[in-house]
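Each remark here refers to the structure printed beneath this line.
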Amino acid sequence: MSKTIVVALGGNAILQPKQKGTYENQLENVRTSSKFLAKLIKDGYKLVVTHGNGPQVGNILRQNEEAEDVVPPMPLDVLNGESQGFIGYMMIQCLQSELRALGIDTPVVNLITRVEVSKDDEDFNDPSKPIGTFYTEEEAKKLMDEKNWKMKADSNRGWRRVVPSPQPINILEANAVKQLAEAGNVVVASGGGGIPVIKTENGDYEGIEAVIDKDRSGYKLAEEVNADIFMILTDVEHVFVNFGSPEQKALKETSVNELEKYVAEGQFSKGSMGPKVESALKFARKAGTSIICSLEKVDEAVRSESGTIISK
Ligand SMILES: Nc1ncnc2c1ncn2[C@@H]1O[C@H](COP(=O)(O)OP(=O)(O)O)[C@@H](O)[C@H]1O
Ligand SMILES: NC(=O)OP(=O)(O)O
């Protein structure tokens, strides 16, 4: 029986920090990403893909705020939904075309996915999710002052606006994702970490303004669909310890115990590598193998020839 991989595709794979962010930029990046993802399908894996939306949802939020005198702005949960549609559309177009070029007729579908969170999550008090474009410290100070934005430095790459990022509790469409994958579809789901919703007293769900981390929801998704491998694709080939220092060291094959030790040392930053390592660890501890690797090396990584491979 073919193995199932849940892939979490980094926001960087769709829009890089130095790019302007045109539709053409992003479509080209998704096309490149799709070439790598298609290799996994060609290798015989069942694929469920989730993706980031940090750069995109930040830009959509900005568009909404800048145009507020002309068009009523929408809340952030709705903007997450918009980003799922927009990125999902690009992924369907590009992945389907790559598969067709390989002579594979697997359908690709995108599912609008809601994820339950708690309104009492502590991230609502101290937001940690960087979204949108990068700014210099000077620009950030001005924006915080003029627009009342919350902003933080992001892994030495500049400053970014931050919004609350509650922990995912439950992927509401998980069963539908599982059924679609079992029926032989490539499923794009829980994009941007999913649309954050909270349960109301009468049992309904309502949206809440936040951006969930897609690696954290990706772990939940991987668990729900009984994935064999949970793969986090980003723009670095490995997880590093002492990242950015002369003592930097790549982690290749590692164990849950070894990685937990590095987490306890505070090796991984909150807005970037931290959630990836935390989610990969959770999956490896409970369910299977986790891999954190670069998109370009996805094929090598499933053969254990690249990336950081975490097993129990
Ligand atoms: N310990 C670390 N090892 C590797 N990369 C790290 C580490 N700490 C921070 N990073 C940064 O994390 C980035 C990836 O995180 P992020 O930008 O959130 O990824 P993505 O958008 O691909 O999900 C890398 O580009 C790197 O600069
Ligand atoms: N939602 C989310 O985690 O997006 P990024 O991967 O782009 O940060």
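In listed order, ligands and their atoms are each counted from 1.
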Between the protein and ligand 2, are there any N or O atom pairs that come within less than 3.5 Å of each other, and if so, what are their names and distances?
unit_1: ligand 2; atom_1: 1 (N); unit_2: Asn53; atom_2: OD1; d: 2.9
unit_1: ligand 2; atom_1: 1 (N); unit_2: Gly192; atom_2: O; d: 3.4
unit_1: ligand 2; atom_1: 1 (N); unit_2: Ile212; atom_2: O; d: 3.0
unit_1: ligand 2; atom_1: 3 (O); unit_2: Lys129; atom_2: NZ; d: 2.9
unit_1: ligand 2; atom_1: 3 (O); unit_2: Lys214; atom_2: N; d: 2.9
unit_1: ligand 2; atom_1: 4 (O); unit_2: Asn53; atom_2: N; d: 3.1
unit_1: ligand 2; atom_1: 4 (O); unit_2: Gly54; atom_2: N; d: 3.2
unit_1: ligand 2; atom_1: 6 (O); unit_2: Lys214; atom_2: NZ; d: 2.8
unit_1: ligand 2; atom_1: 7 (O); unit_2: Asn53; atom_2: N; d: 3.3
unit_1: ligand 2; atom_1: 7 (O); unit_2: Gly54; atom_2: N; d: 2.8
unit_1: ligand 2; atom_1: 8 (O); unit_2: Lys129; atom_2: NZ; d: 2.8

Donor + acceptor pair across side chains of Asn25, Thr22 (<3.5 Å): yes
Distance (rounded to the nearest 0.5 Å) between Asn29 CG and Leu9 CG: 10.0 Å
Nitrogen or oxygen atoms of His238 and ligand 1 under 3.5 Å apart: no
Polar atom proximity, Asp215 to ligand 1 (N or O, under 3.5 Å): no
Ligand 1 atoms in contact with Lys276 (distance to a heavy atom under 4.0 Å): 14 (C), 15 (O), 18 (O), 19 (O), 20 (P), 23 (O)
Min heavy-atom dist Gly52 to ligand 1 below 4.0 Å: no
For Phe268, the ligand 1 atoms whose distance to one of its heavy atoms is below 4.0 Å: 1 (N)
Part of Ala8 within contact of ligand 1 (heavy atoms, under 4.0 Å): neither
Partners meeting side-chain contact (heavy atoms from CB on, under 4.5 Å) with Glu296 (sequence neighbours left out): Phe36, Ser294
Polar contact flag, side-chain donor to acceptor under 3.5 angstrom, Ser255-Asn257: no
Under-4.0 Å heavy-atom contact with ligand 1, by part of Lys214 that carries it: side chain
Pairing of Lys42 and Asp299 as salt bridge, 4.0 angstrom limit: no
Evaluation steps, side-chain hydrogen bond (donor to acceptor under 3.5 Å, both in side chains), between Ser279 and Asp215: CA-CA 6 Å; Ser279 312; Asp215 299 311; 5.9 Å; no
Among Phe243, Phe240, Tyr262, closest by any non-hydrogen atom to atom 26 (C) of ligand 1: Phe243
Passing candidate, side-chain contact (heavy atoms from CB on, under 4.5 Å) with Thr308, options Leu251, Ile232, Val236: Leu251
Contacting atoms of ligand 1, where contact means under 4.0 angstrom from a heavy atom of Ser269: 8 (N), 9 (C)
Contacts of Glu146 that satisfy side-chain contact (heavy atoms from CB on, under 4.5 Å) - sequence neighbours left out: Lys142
With sequence neighbours excluded, residues passing side-chain contact (heavy atoms from CB on, under 4.5 Å) with Val109: Leu180, Asn185, Val187
Those atoms of ligand 1 less than 4.0 Å from some heavy atom in Arg157: 13 (C), 16 (P), 17 (O), 25 (O)
Any donor-acceptor N or O pair under 3.5 Å, side chains Asp123, Ser128: yes
Closest candidate by heavy atom, reference atom 14 (C) of ligand 1, pool Asp213, Ile232, Thr234: Thr234
Aromatic ring pairing Phe283/Tyr219, orientation class (parallel under 30°, perpendicular over 60°, tilted between): perpendicular
